[in-house]
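Please read the structure below before turning to the comments.
Numbers restart at 1 for each chain; the letters A, B, ... are given by sequence-line order, proteins then strands. These figures come from a predicted structure and were not determined experimentally.
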2 protein chains.
Amino acid sequence: MATEIKPDDARIIAGFERFYEALRRLTPRSELSLTAASTLRRLERSGPHRLSELYAPEGVSQPAMTQLVTRLEREGLARRSSDPADGRVVIVSITEEGRDAVARRRDGRARALAELLEQLPEDEHAALLAALPALQRLGDLIID
Amino acid sequence: MATEIKPDDARIIAGFERFYEALRRLTPRSELSLTAASTLRRLERSGPHRLSELYAPEGVSQPAMTQLVTRLEREGLARRSSDPADGRVVIVSITEEGRDAVARRRDGRARALAELLEQLPEDEHAALLAALPALQRLGDLIID
DNA sequence: TGATTTATATCACTGGCTTATACAGATATC
DNA sequence: GATATCTGTATAAGCCAGTGATATAAATCA
């Protein structure tokens, strides 16, 4: 009962909820967990990171990230190296195999979505395009 | 290399991906797992179901659903009952406490989203409203 | 009746998270 | 410069949530 939610916003939110559910269903059991995929994408997007730079943005504990990196390393998707300037530090980077895994995941979902988008009437398709800047901005407001 | 994805579709898909990531981040550690929440929503939306009607749509195995229902029951969020017509069957239904849990989860995310929506410029807000039918239709195409 | 099918449960295991704690390397203090 | 503290990562123990294989009980069919 704190703040009131405007009716239009409520409609948008309900739409998002349903859509989120749908998207989730579109990525069945992948080879990558949500955190694993997100971490690999980050490594791909912005290069090698210290382990300590990874866990907070992913919203997990430091031991969880240590363990995730261990699993990723075991599967050949990421690599540990050391910082010559600081012996405590572990630098994590993505491998070629890791890039492939990310691409496969992205592609699978993209193909499924593209197929659906093709089924939309032209005006709805256009409406989605028009809503992209808003989605982008919302994403920016939420992430990092 | 199967089907080609049109550039506009690729843009929409990239926007979705980012937005999905953002939404995921908006629901931190809840009291409910993704499957638990989704199952409870289903029970709330369309009433009691047999266990066997629940696991496939949720995309988990039958033992996983048995265990989930056991946990939900233990936490007072769902209830098992039997089908008088078939002694093997377990009917699962949501409790009042379960409805409350679903509502709390929905509310938490709704409030966070509403706050963000308020920060959007008017035209982007309008673009989201205009895109709702498309989101709705996409959701329908994907779910069930 | 007896065999088979169906609905759910149990078992043993793995992955992915948590908190608490250990430990090695870096930095600071005296 | 030796010692204490801080920082970055790892390890340990435990829980939750999933898996496949299998057990069990009720229903159905020959």
Grab the [atom1]-[atom2] distance between [X] and [N] for me, whole Å please.
X: B:Leu32; N: D:dG18; atom1: CG; atom2: P; result: 12 Å
X: B:Glu58; N: D:dA17; atom1: CD; atom2: P; result: 14 Å
X: B:Glu75; N: D:dA17; atom1: CD; atom2: C1'; result: 12 Å
X: A:Tyr55; N: D:dA10; atom1: OH; atom2: C1'; result: 13 Å
X: A:Leu77; N: C:dG15; atom1: CG; atom2: P; result: 13 Å
X: B:Leu54; N: D:dG18; atom1: CG; atom2: P; result: 13 Å
X: A:Met65; N: C:dG16; atom1: CE; atom2: C1'; result: 11 Å

Quiz prompt | base_contact_polar (C:dT18 base, A:Gln67 side chain, donor-acceptor, <3.5 Å) | solution = yes
Look at the side-chain N and O atoms of [X] and state whether any lies under 4.0 Å from the OP1 or OP2 oxygen of [N].
X: A:Arg74; N: C:dT14; value: no
X: A:Ser52; N: D:dT7; value: no
X: B:Ser61; N: D:dT19; value: yes
X: B:Arg50; N: C:dA7; value: yes
X: B:Thr66; N: C:dT10; value: no
X: A:Arg71; N: C:dG16; value: yes

Quiz item: Going by number, which of residues 79-101 of chain A have a non-hydrogen atom under 4.0 Å from DNA chain D?
Solution: A:Arg80, A:Arg88, A:Val89, A:Val90
Quiz item: Using a cut-off of 4.0 Å on non-hydrogen atoms, how would the nucleic acid contact of A:Thr35 be classed: base, sugar-phosphate, or nothing?
Solution: sugar-phosphate
Quiz item: What nucleic acid atoms does A:Ser33 come within less than 4.0 Å of, heavy atoms only: base, sugar-phosphate, or nothing?
Solution: sugar-phosphate
Quiz item: Would you say the side-chain atoms of A:Glu58 and A:Thr35 include a donor-acceptor pair closer than 3.5 Å?
Solution: no
Exercise. For B:Asp8 and A:His125, test the side chains for any donor-to-acceptor distance below 3.5 angstrom and give the result as yes or no.
Key: no
Quiz item: Got a sec, which residues hit salt bridge (charged side-chain N to carboxylate O under 4.0 Å, His left out) with A:Glu44, two or more places apart in sequence or on another chain?
Solution: A:Arg106
Practice problem: May I ask you to decide whether A:Arg88 forms a salt bridge with A:Asp83, counting only side-chain N to carboxylate O separations under 4.0 Å? | Solution: no
Apply side chain to side chain donor-acceptor pair (under 3.5 Å) to [X] and list each qualifying residue two or more places apart in sequence or on a separate chain.
X: A:Glu122; value: none
X: B:Ser33; value: none
X: B:Arg71; value: none

Self-check item: Earlier contact from the 5' end, DNA chain C, for B:Gln62 and A:Gln62
Solution: B:Gln62
Quiz item: Does A:Leu68 or B:Thr70 map to a spot on DNA chain C nearer the 5' end, using the closest nucleotide for each?
Solution: B:Thr70
Quiz item: If you check the B:Leu51 side chain, which of D:dT11, C:dC17, C:dT8 turns out closest?
Solution: C:dT8
Self-check item: A:Arg50 charged N/C atom sitting above A:Tyr55 aromatic ring, 6.0 Å / 45°
Solution: no
Quiz item: For the ring pair B:Phe19 and A:Phe16, is the centre-to-centre distance below 6.0 Å?
Solution: yes
Quiz item: Using a 3.5 Å cut-off on both pairing distances, which stems of three or more Watson-Crick or G-U pairs include DNA chain C?
Solution: C:1-30 with D:1-30
Exercise. Go through the steps to decide whether B:Val102 and B:Leu43 satisfy the test side chain to side chain contact (heavy atoms under 4.5 Å, CB included), and finish with yes or no.
Key: CA-CA 11 Å; B:Val102 168; B:Leu43 293 175; over 6 Å; no
